[in-house]
Amino acid sequence: YPWKDVEYTKVVFGPDITGIGNYAFCYSNSLQSVEIPETVAVLGKGVFMGCSALESATLPSSVNRANESMFANCKKLIIRRLNIFIPPII
C-alpha cells in the first residue's frame, strides 16, 4: 500500500495517467476526494479500498475496467459520474 502512511486529503491525476494499479491508495485514511481524468480506462483491485475518510470520487465514462472491491469499506463515499459496469462476485 504505497500511499497508506502519507497524509493528504485530495488526489487529482494528471492527463498522462491511463490506469491506476491494484491497491494504490488502499487504506489512505486521510484521503477525502479523488478526481480521475478522462484518460484513465482501468482501475485496479481495491484501489481505494478502506479509505475511511473518502467522501467523493469523480469517475469518467472512460473507465471501462474496474472491480467491486475498488471502493470497499468507503462508508462516506458518494460516487459521481459512475458510468461503468462492475461485475458481480462469482
Side-chain angles (χ1 to χ4, degrees):
Y1 311 137
W3 298 99
K4 180 181 180 227
D5 296 323
V6 178
E7 293 289 322
Y8 53 92
T9 58
K10 183 176 185 176
V11 173
V12 179
F13 296 94
D16 296 336
I17 301 296
T18 58
I20 304 169
N22 295 343
Y23 308 105
F25 295 92
C26 187
Y27 297 107
S28 296
N29 292 321
S30 62
L31 181 60
Q32 296 175 0
S33 69
V34 151
E35 293 180 23
I36 299 171
E38 291 288 334
T39 55
V40 173
V42 178
L43 294 174
K45 292 180 184 176
V47 68
F48 298 106
M49 181 172 69
C51 294
S52 59
L54 187 60
E55 296 175 350
S56 71
T58 301
L59 298 178
S61 59
S62 61
V63 174
N64 59 31
R65 192 169 38 161
N67 65 72
E68 70 282 345
S69 68
M70 68 182 180
F71 291 112
N73 298 318
C74 297
K75 297 180 188 329
K76 296 180 179 182
L77 181 63
I78 296 172
I79 299 174
R80 298 180 188 146
R81 294 177 53 203
L82 181 59
N83 190 19
I84 60 173
F85 173 72
I86 300 175
I89 300 172
I90 298 174

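Residue numbers run from 1 in the order of the sequence given.
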Item checked: Nearest heavy-atom neighbours spanning Phe48 and Cys74 -> O-SG, 3.1 Å
Checklist line | Heavy-atom closest contact (Leu43 atom, Met70 atom, distance) | finding: CD1-SD, 3.7 Å
Checklist line | side-chain hydrogen bond (donor to acceptor under 3.5 Å, both in side chains): pairs with one or both residues in residues 42-52, sequence neighbours excluded | finding: Asn29-Ser52
Checklist line | Nearest atoms (heavy-atom pairs only) where Glu38 meets Ser62 | finding: O-OG, 2.6 Å
Item checked: Nearest-0.5 Å distance that lies between atom CG in Leu54 and atom CG in Leu31 -> 5.0 Å
Next item on the list: Taking the six-membered ring for Trp and the single ring otherwise, decide whether the centroids of Phe25 and Phe13 are under 6.0 Å apart.
Entry: yes
Check: Is it true that Val42 and Met49 fall in one hydrophobic cluster, defined by side-chain heavy atoms closer than 4.5 Å?
Finding: no
Note to self: Going by the rule side chain to side chain donor-acceptor pair (under 3.5 Å), which residues pair with Gln32 if we only count those two or more places apart in sequence or in a different chain?
What the structure shows: none
Notebook entry, point to check: At their closest point, which heavy atom of Pro60 faces which heavy atom of Pro37, and how far apart are they?
Noted result: CG-O, 3.2 Å
Notebook entry, point to check: Can you tell me if Thr39 uses its side chain to pair, donor with acceptor, with the backbone of Pro15 under 3.5 Å?
Noted result: yes
Margin query: Restricting to non-hydrogen atoms, name the atom on Ile17 and the atom on Gly19 that form the minimum distance, rounded to 0.1 Å.
Written below: CG2-O, 3.5 Å
Item checked: Minimum side-chain heavy-atom gap Ser56-Ser33 below 4.5 Å -> yes
